[in-house]
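Chain letters run A, B, ... following the sequence lines, proteins first, then strands; residues in each count from 1. Atom set for the values below is all heavy atoms of this structure, side chains included, hydrogens, waters and symmetry mates excluded.
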There are 2 protein chains.
Amino acid sequence: MIILSKLADYGVIVATHLAAHPDRQATAAAIAASTRLPRATAAKLLKAMAHAGLVTATRGPAGGYRLARRPAAISIAEVVAAIDGDIGLTQCSVHEADCERTTYCPTRPHWAAINRAVGAALSAISLAEMIGPLAFAPAASFTEPARDARIFMDEPPR
Amino acid sequence: MIILSKLADYGVIVATHLAAHPDRQATAAAIAASTRLPRATAAKLLKAMAHAGLVTATRGPAGGYRLARRPAAISIAEVVAAIDGDIGLTQCSVHEADCERTTYCPTRPHWAAINRAVGAALSAISLAEMIGPLAFAPAASFTEPARDARIFMDEPPR
DNA sequence: ACCAATTCGGACCGGATTGGTACGCAATAG
DNA sequence: CTATTGCGTACCAATCCGGTCCGAATTGGT
């Protein structure tokens, strides 16, 4: 199974590209060319990110997109959430109301915990870190998972 | 965005139900009734798990399903993988060949690391733990994920 | 001050994947 | 032998994803 949608994946690529040139103002077409993505798709992604406040857009000639904050202040989780919506493992993590099993399903509280762990993993890495070489723990400690805990937690979110 | 597919979610519910009664031999119909799932769907899930070797099936009258191992020896990751296939964040994590961006895309190594983290989170919890109360650290340190953000679990859109 | 080029913004549509179902076959216990 | 149960295949429906189109806003030139 693939966790991230293609669009979310592309969105991170676009955001990373913007982070690599934080000073320049780039048009949607230029970004599409640089990332080898279809123009319309890149435009759609940028639109979503602008809506979420991650990038600022200026119209008219000499317009274009630019990151709204410093690359180090934008996490992967935010980019993904801007495109695909909030992150949740299961249906009931996102729409609690839709799950009529709430009362007797014993798995729900556990999902919430795993949920936070996954979210933390995506929140812990910023666009700035995405540009350079591996900047955070290479997860060597995860090869043997060892229950009980603190799964990702060797990486305090800054 | 929802990470687990509905079927994978259901699969965990079914597996958890089996783990709650490890001695009993349960028919697909009985499991479906207990979990309030459609019979055909439950059967499909059980078949997939049997194929992956997580449950054993015996046919004929008085047949049914049973966990192949002790509940503590089956991880959530295995159940999910049995139904949805291997876990990967992005397309290129699963089919490396399909990504022609391999050479210049700077984000790929990072994905692999996050990938391991997610996999570890799902591998770290077993069916046995899924039955009882929260058995591992609820990741309380991440409840405030950083900066403005508040990415998860609040639920604004729509 | 107007016009026009350029750029973003929202609505729409086709297609693929997923979720769910139905039917016929194989195996086993009574 | 027969009834019950799982096994496999094939099929249908629906949601969601990915992509394209056309309209709205803004700046720069004239």
Side-chain angles (χ1 to χ4, degrees), chain A residues 1-11 13-14 18 24-33 35-66 68 80 82-86 88 90-91 94-95 98, chain B residues 1-14 18 24-33 35-68 80 82-85 90-91 94-95 98 157-158:
Chain A
M1 76 171 304
I2 280 90
I3 293 183
L4 263 63
S5 68
K6 260 162 109 182
L7 275 170
D9 188 4
Y10 295 160
I13 293 176
V14 167
L18 280 175
R24 244 187 285 281
Q25 182 104 335
T27 74
I31 295 170
T35 55
R36 321 279 172 90
L37 292 173
R39 293 192 180 186
T41 302
K44 189 179 198 172
L45 295 169
L46 288 162
K47 179 182 66 176
M49 291 192 222
H51 204 74
L54 297 179
V55 300
T56 59
T58 56
R59 300 209 236 192
Y65 289 97
R66 181 181 302 217
V80 172
I83 293 167
D84 276 358
D86 285 328
T90 64
Q91 203 84 27
V94 182
H95 308 120
D98 296 8
Chain B
M1 75 169 309
I2 280 88
I3 292 183
L4 264 64
S5 69
K6 262 161 107 182
L7 276 168
D9 188 5
Y10 294 159
V12 174
I13 293 176
V14 168
L18 280 175
R24 241 187 287 281
Q25 181 105 336
T27 73
I31 294 169
T35 55
R36 321 278 171 89
L37 292 173
R39 293 191 180 186
T41 301
K44 190 181 199 173
L45 295 169
L46 287 161
K47 182 184 62 175
M49 290 192 225
H51 203 75
L54 296 179
V55 302
T56 60
T58 56
R59 302 207 239 193
Y65 288 98
R66 180 179 303 218
L67 283 184
V80 172
I83 294 166
D84 276 0
T90 63
Q91 203 84 27
V94 181
H95 309 118
D98 296 8
R158 266 169 295 283

**Message:** Return a single string for nucleotides 3-15 of chain D, one symbol per nucleotide in 5' to 3' order, where B is base contact, S is sugar-phosphate-only contact and - is none, cutoff 4.0 angstrom on heavy atoms.
**Reply:** BBBBSSB------
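Taking CD of B:Gln25 as the start and CG of B:Leu67 as the end, the distance is 11.0 Å to the nearest 0.5 Å. Rounding to the nearest 0.5 Å gives a distance of 7.0 Å between CG of B:Asp84 and CG of B:Leu4. A:Tyr10 OH to A:Ile83 CD1: the interatomic distance, rounded to the nearest 0.5 Å, is 12.0 Å.
Atom CG in B:Leu4 sits roughly 17 Å away from atom C1' in C:dT17 (whole-Å rounding). Rounded to a whole Å, the CG atom of A:Leu18 is 15 Å from the C1' atom of C:dC8. Rounded to whole Å, the distance from CG on A:Leu7 to C1' on D:dG19 is 9 Å. The interatomic distance linking A:Leu37 (CG) with D:dT20 (C1') rounds to 16 Å, in whole Å. The separation between B:Asp9 atom CG and C:dG20 atom C1' is 16 Å, rounded to whole Å. Between A:Leu45 atom CG and D:dC17 atom P the separation is 13 Å, expressed in whole Å. Following rounding to the nearest Å, B:Ile83 (CD1) and C:dG20 (C1') show an atom-to-atom distance of 14 Å.
End-to-end axis angle for the helix from C:dA1-D:dT30 to C:dG30-D:dC1, using five pairs per end and rounding to 10°, comes out at 10°.
When every heavy atom of A:Thr27 is checked against every heavy atom of A:Gly63, the shortest pair comes out as CG2-O, 3.8 Å. Of all heavy-atom pairs spanning A:Leu54 and A:Ala82, the tightest one is CD1-CB, 3.8 Å. Pairing each heavy atom of B:Ala57 with each of B:Tyr65, the nearest pair is CB-CE2, 3.5 Å. Closest non-hydrogen pair, A:Ala32 versus A:Ala42, comes out as CB-CB, 3.8 Å.
Side-chain contact between B:Ile31 and B:Leu37: absent, with no pair of heavy atoms (C-beta onward) separated by less than 4.5 Å. The shortest distance between side-chain heavy atoms of B:Leu18 and B:Leu46 falls below 4.5 Å.
Between A:Thr41 and the phosphate of D:dG18, there is no side-chain N or O to OP1/OP2 separation shorter than 4.0 Å.
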